[in-house]
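Scroll down for the structure; my scribbles are underneath it.
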Amino acid sequence: MDKFKLNKREKSWVLYDVANSAFTLIVTATIPIYFRGLTENAGLSPSLSSSLWASVTAAAVLILAVFSPILGAMADYQNMKKKLFGFFLCLSLLGVFAFSLTRNWLLFLSLFLIARLGFAACNIFYDSMLIDVTTDERMDMISTYGYAWGYIGSCIPFTIGILLILTTPFGLSPMTATQVSFLITIIWWLVLSIPLFKNVKQSYFLEPRKDFISHSFHRLLHTFQKLKREKGLLFYVIGYFFYIDGVYTIISMATTYGGEVGIDDTAMILALLLTQFIAFPCSIYSGKLAEKFGTFKMIKLFIVMYIVICLFGFQLSKEWEFWALAVFVGICQGGIQALSRSQFGKMIPKEESSEYFGFFDIFGKFADFFGPLIVAVCAYFLNSSRYGILALIFLFLIGILFLSKSEKMMEEHK
């Protein structure tokens with residue numbers, strides 16, 4: 001095979017990243033702004049709105065963090081991975097459709113919680129499918145391609161939605177135009193998911209058994225014991241927990257924080273759109289750099305860059321600073337996520353990939369819970385999210401420490 005040519009399975013897997021990244025983009029950009037508009041109409045303060053949004057984000061990831069290893073273990077049996085993936089895809093699409101039709105902030109939050117849970121559950125099975133579609137040697141490249149094309153492809157439905165919001169054609173109000181943009185995202189997400197269902201098969205699996213549910217719980221305990229023994233892998237997921245906490249928090253809280261410090265909504269959305277375009281080539285190039293310098297070294301470089309982002313974000317007050325921050329985030333956002341995923345994929349047994357990615361997801365989801373919670377507490381008690389952004393630096397420092405320990409132990413065992 002040509003080194004840079006993707007086969008049908010790899011293309012279909014990458015295409016789903018294009019599909020679901022459309023939802024990720026509106027969660028980062030338009031949904032928080034829309035929610036803030038709903039709360040303002042209801043008379044809630046900006047700081048309370050930020051606290052509510054961060055709290056629900058934390059609740060969503062906490063719920064799934066509890067169930068992700070169980071779901072992952074169940075998905076490892078023959079033909080189960082795509083069945084579970086399909087169920088949660090339907091749940092997330094229905095959730096988005098439902099919250100697109102309401103302007104009650106409390107109902108909106110409840111329906112968003114359902115959509116967020118379905119979306120995150122899908123990613124457990126999707127990430128583990130990386131094992132099924134490619135080889136260890138190509139894993140960094142395919143993983144970065146997924147994020148890269150996801151960033152650029154998701155801009156298409158997002159741009160259509162933004163044009164609707166800014167131009168409000170056919171007599172649409174900005175609120176109604178925003179709701180229509182959510183519906184466009186559903187269609188995009190659904191249509192581009194079809195190739196994955198058609199072309200990707202579960203190549204690695206455990207033989208089916210009648211007691212697969214109870215056996216899944218037994219396997220979870222066994223895997224947890226193995227993780228404790230395999231220190232290199234354990235240190236890796238602990239380090240991942242801390243540094244990805246900061247990454248996810250910056251992604252999920254960007255527009256909420258920008259709105260709190262007075263950045264114009266339109267400027268924030270356009271800046272985040274710029275992030276997507278910058279992330280496209282940078283994500284692909286990070287895969288090539290990982291091949292040359294090593295995956296661990298590239299992840300650590302991105303962590304250092306995120307520490308700089310936190311320092312810069314703490315003092316942010318001007319619109320041009322938000323644009324500069326968007327550029328810097330775009331350089332490292334896709335690379336750190338893609339390389340973290342592929343490095344883990346190379347370290348685990350293939351037949352139990354979903355279960356291991358379920359554990360991986362626990363660390364990621366608890367991280368996504370802890371970071372927004374820090375920001376929510378700071379926003380509530382200090383009436384500002386600035387100190388929450390600054391506190392993320394400690395998470396990045398702990399992350400790079402454990403990552404270095406993992407790299408050292410993996411080198412010793414070669």
Side-chain angles (χ1 to χ4, degrees), residues 15-42 46 49 53 56-57 89 92-105 107-116 118-119 149-194 251-259 262-280 319 322-323 326 329-330:
L15 196 58
Y16 180 75
D17 218 322
V18 179
N20 77 349
S21 292
F23 178 71
T24 303
L25 189 50
I26 63 171
V27 168
T28 305
T30 51
I31 288 180
I33 293 172
Y34 179 76
F35 174 71
R36 193 169 72 247
L38 296 180
T39 56
E40 286 176 356
N41 292 339
S49 178
W53 183 254
V56 169
T57 300
L89 178 61
S92 53
L93 291 172
L94 288 172
V96 178
F97 178 76
F99 75 58
S100 299
L101 305 179
T102 183
R103 294 188 182 182
N104 178 285
W105 70 266
L107 180 59
F108 179 90
L109 267 186
S110 302
L111 294 170
F112 174 76
L113 177 63
I114 293 172
R116 182 72 184 261
F119 164 78
W149 285 105
Y151 283 129
I152 200 72
S154 62
C155 292
I156 297 173
F158 181 73
T159 302
I160 295 171
I162 291 301
L163 289 174
L164 284 174
I165 295 168
L166 295 179
T167 61
T168 58
F170 315 115
L172 297 174
S173 68
M175 279 290 220
T176 303
T178 304
Q179 290 173 300
V180 172
S181 74
F182 297 159
L183 297 175
I184 292 171
T185 299
I186 296 175
I187 297 170
W188 177 271
W189 191 355
L190 176 61
V191 171
L192 294 187
S193 299
I194 294 173
I251 292 171
S252 62
M253 298 301 296
T255 52
T256 302
Y257 177 64
I263 308 301
D264 178 69
D265 287 350
T266 302
M268 282 193 295
I269 291 174
L270 293 176
L272 290 172
L273 189 59
L274 175 63
T275 299
Q276 303 296 109
F277 283 102
I278 292 174
F280 171 67
E319 186 175 304
F322 192 86
W323 281 88
V329 168

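Only a predicted model underlies this, so the values are computations on that prediction, with no experimental measurement involved.
Shortest non-hydrogen contact noted between Ile162 and Thr30 is CD1-CG2, 3.7 Å. Of all heavy-atom pairs between Arg103 and Ser173, the closest is NH2-OG, 3.8 Å. Shortest non-hydrogen contact noted between Trp105 and Ala42 is CD1-CB, 3.6 Å.
Here Leu270 contributes atom CG and Leu166 contributes atom CG; the two are 7.0 Å apart, rounded to the nearest 0.5 Å. Within the model, atoms CZ of Phe158 and CD1 of Ile165 stand 7.5 Å from one another, a figure rounded to the nearest 0.5 Å. Here the straight-line distance linking atom CG of Leu15 with atom CD1 of Ile194 works out to 10.0 Å at 0.5 Å rounding. The distance from the CD1 atom of Ile187 to the CD1 atom of Ile184 is 7.0 Å, given to the nearest 0.5 Å. In this structure, CG in Leu163 is found 6.5 Å from OG1 in Thr159, a value given to the nearest 0.5 Å. Here the CG-CG distance, from Asn20 to Leu89, works out to 9.0 Å after rounding to the nearest 0.5 Å.
The backbone N or O of Val18 sits nowhere less than 3.5 Å from a side-chain atom of Ser21 that would complete a donor-acceptor pair.
Pairs engaging residues 16-30 under the salt bridge (charged side-chain N to carboxylate O under 4.0 Å, His left out) rule: Asp17-Arg341 [sequence neighbours left out].
For the pair Phe170/Val180, no side-chain contact is recorded, criterion being any heavy-atom separation below 4.5 Å from C-beta on. Residues Leu172 and Thr167 have side chains not in contact (no heavy-atom distance under 4.5 Å, counting atoms from C-beta outward). Side-chain contact between Ile31 and Phe108 is present, with heavy atoms from C-beta onward closer than 4.5 Å. Proximity of Gln179 to Leu164: side-chain heavy atoms (C-beta onward) are nowhere separated by under 4.5 Å. Between Phe99 and Ile114, every side-chain heavy-atom pair lies at or beyond the 4.5 Å cut-off. Counting only heavy atoms from C-beta outward, the side chains of Leu111 and Phe97 never approach each other to under 4.5 Å.
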Show your reasoning for whether side chain to side chain contact (heavy atoms under 4.5 Å, CB included) applies to Leu109 and Trp53. CA-CA 8 Å; Leu109 267 186; Trp53 183 254; 4.0 Å; yes
Please evaluate residues Tyr34 and Phe182 with respect to the criterion side chain to side chain contact (heavy atoms under 4.5 Å, CB included), reporting the C-alpha separation (whole Å), side-chain torsions for both, the decisive distance (0.1 Å), and the verdict. CA-CA 11 Å; Tyr34 179 76; Phe182 297 159; 3.9 Å; yes
Between Ile26 and Ser181, does the side chain to side chain contact (heavy atoms under 4.5 Å, CB included) criterion hold? Intermediate values first, please. CA-CA 9 Å; Ile26 63 171; Ser181 74; 5.6 Å; no
Given the rule in the side chain to side chain contact (heavy atoms under 4.5 Å, CB included) test, do Trp189 and Leu192 qualify, once you have shown the distances and angles that lead to the verdict? CA-CA 6 Å; Trp189 191 355; Leu192 294 187; over 6 Å; no
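By the 30° and 60° cut-offs, the orientation of the rings of Phe23 relative to Phe119 is tilted.
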Can you list, pair by pair, the side-chain donor-acceptor contacts under 3.5 Å of residues 149-156, counting residues two or more places apart and other chains?
unit_1, atom_1, unit_2, atom_2, d
Tyr151, OH, Gln333, NE2, 3.0
Tyr151, OH, Gly334, N, 3.3
Tyr151, OH, Gln337, NE2, 3.3
Ser154, OG, Gly150, O, 2.8
Ser154, OG, Tyr151, O, 3.0
Ser154, OG, Gln276, NE2, 3.2

